[in-house]
Amino acid sequence: MFYEEVPEGPPDPIFGLSDAFNADVRVNKVNLVIGIYKNERLESELLSTVRAAKQAILEEDGAADYLPIDGSKAFLEQVGGLLFGEALWGASKGRIYAAQTVGGTSALRIGAEFCSAFVGKKFAVSNPTWPNHRQVFEKTGVVETYSYYSQRERRFDLSAMLSGLKALEPKTVVLLQGACHNPTGCDPTADEWAEIAKTMRERQLMPFFDVAYQGFGRGIEEDAAQVRHFTKEGLECLVAYSCSKNFSLYCQRVGVLFAVAPDAAVKQRVGSQIKRVIRTSYSNPPAHGARIVQHILGGPMRRDWRREVDAMRGRISEMRNELVRKLALRCRGKNFDYLLPHQGMFSFIDLEKRQVARLIEEFGIYLPDSGRINVAGLNSKNIDDVVEGLGSVLE
Ligand code: LMR
């Protein structure tokens with residue numbers, strides 16, 4: 001009686017397609033949809049450091065108390081050092097508020113609610129972006145886009161982005177992806193980030209970073225360079241951080257919302273409001289995943305974990321190189337070198353929607369209709385099928 005008027009909602013563009021993949025009975029189907037790192041056997045296995053940390057914290061994990069509203073201080077201390085770098089974190093943490101969140105998505109949502117109440121109700125995301133960015137920000141305000149990617153040149157387009165930023169109203173909250181841009185795989189260089197920071201300051205735009213892939217692009221330090229640059233330059237910003245990918249802790253929902261403030265007094269006020277948003281949302285975060293991350297980063301396993309991240313990054317880059325090499329052989333006269341500089345798990349392949357539909361229907365190769373592929377969904381067994389499918393629809 002109460003639900004009669006409820007209409008059917010649309011399927012999620014990413015999770016909905018994964019459901020369709022799971023329901024497909026073809027044995028040689030290939031899943032290039034969701035951004036989950038897969039090993040050569042196409043499993044999303046626990047990292048060995050995560051497995052060892054789980055064993056080590058068994059005792060401590062027995063504690064059943066609530067965490068504080070903004071989570072475990074020891075965990076936040078470790079992730080703060082990882083993102084900002086120990087020296088900058090040490091020098092700046094007096095003005096950086098941090099709250100443990102339920103994955104990166106709730107950091108985005110909590111940050112968006114905070115901004116909507118105290119900064120402004122206008123948000124801007126890159127065109128294109130991760131579809132959930134728009135959905136999250138639409139809950140708290142009006143969402144605009146700024147140009148980011150040149151379809152014609154198949155690369156990041158700085159001048160288009162800067163003109164897009166200049167057209168936004170002051171106090172617009174601008175979502176910036178730290179590294180490994182989702183879905184294009186195209187990132188600005190350090191010099192380009194410096195230009196972006198300058199424009200954001202001049203136009204009084206509020207930077208809101210989404211850092212979900214630290215270590216998957218060029219390296220742990222390199223992938224955090226833009227957040228560190230903005231912080232050193234004294235820009236106020238928010239950062240939504242996810243440990244899903246680099247700790248392979250997808251189902252544990254481990255994230256952080258950082259708010260970089262000008263001084264300790266502002267940090268205190270900002271933190272007090274963010275805590276109120278959290279308290280009315282999920283009250284306080286879950287403990288298990290954060291204890292794992294804290295154990296790894298705060299002890300001798302940290303070195304081994306960095307090696308595991310390096311190995312994941314290495315496999316992604318090998319698969320991308322192999323894809324480009326094989327596509328060039330299959331599609332004589334076509335050049336796929338534009339995929340080579342892409343960073344992280346995703347690459348944007350130049351495909352029309354009808355070509356993506358053919359890949360799914362005829363070849364069982366699943367990817368979102370944007371043409372984004374998860375390169376980590378490739379292995380030595382399925383890559384030839386993917387190249388054949390792509391070659392056929394691109395003919
Ligand atoms: C993706 O873009 O596939 C990932 O970030 C997973 C998700 O939540 O959509």
Side-chain angles (χ1 to χ4, degrees), residues 9-22 29-39 42-45 101-112 125-139 143 145 148-149 175-187 208-217 223 239-257 282 286 289 309 312-313 315-316 319-320 342-349 351 356 359-360 365-378 386:
D12 182 81
I14 292 173
F15 276 76
L17 198 54
S18 279
D19 293 343
F21 172 83
N22 291 333
K29 62 184 179 173
V30 181
N31 189 351
L32 304 180
V33 181
I34 195 158
I36 295 182
Y37 175 81
K38 305 273 179 62
N39 62 19
L42 301 184
E43 298 156 346
S44 52
E45 61 177 356
T101 56
V102 185
T105 303
S106 88
L108 288 167
R109 179 62 196 271
I110 300 292
V125 298
S126 62
N127 178 25
T129 195
W130 179 50
N132 215 24
H133 283 143
R134 176 174 277 281
Q135 298 188 135
V136 166
F137 292 134
E138 275 172 356
K139 294 278 175 205
V143 184
T145 55
Y148 186 86
Y149 181 75
L175 196 278
L176 302 167
Q177 294 191 41
C180 310
H181 184 265
N182 179 358
T184 65
C186 299
D187 292 339
F208 192 166
F209 282 100
D210 183 359
V211 178
Y213 303 98
Q214 190 183 3
F216 273 37
D223 293 351
V239 186
Y241 188 90
S242 169
C243 299
S244 294
K245 278 84 178 176
N246 53 5
F247 287 86
S248 205
L249 281 174
Y250 303 88
C251 61
Q252 300 296 346
R253 313 309 297 138
V254 190
V256 180
L257 176 64
Y282 50 84
V309 176
M312 290 193 278
R313 183 174 66 252
R315 191 182 107 67
I316 294 169
M319 280 297 119
R320 182 174 278 117
H342 289 178
Q343 300 293 321
M345 269 194 289
F346 302 120
S347 262
F348 221 25
I349 298 206
L351 289 168
V356 173
L359 279 169
I360 296 175
I365 298 168
Y366 282 73
L367 63 156
D369 65 9
S370 61
R372 181 192 89 168
I373 61 164
N374 174 16
V375 180
L378 296 170
V386 171

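Just so you know, residue 1 is the first one in the sequence shown, and it goes up from there. Order of listing sets the numbers, starting from 1, for every ligand and every atom in it.
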Heavy-atom distance under 4.5 Å between the side chains of Cys180 and Phe346, does that happen here? no

Go through the structure and list residues passing ring-ring contact (aromatic ring centres under 6.0 Å, His included) with Tyr37, not counting sequence neighbours. none

side-chain hydrogen bond (donor to acceptor under 3.5 Å, both in side chains) filter on Ser347, not counting sequence neighbours, yields Arg320, His342

Tell me whether the guanidinium CZ or amine NZ of Lys29 lies under 6.0 angstrom from the six-membered ring centre of Tyr366 and within 45° of its axis. no

By salt bridge (charged side-chain N to carboxylate O under 4.0 Å, His left out), which residues pair with Arg109, not counting sequence neighbours? Glu113

Phe15, CZ atom: more than 12 neighbouring heavy atoms under 6.0 Å: no

Taking any residue with a non-hydrogen atom under 4.0 angstrom from an atom of ligand 1, which ones do you get? Ile14, Phe15, Ile34, Gly35, Trp130, Asn182, Tyr213, Lys245, Phe346, Arg372

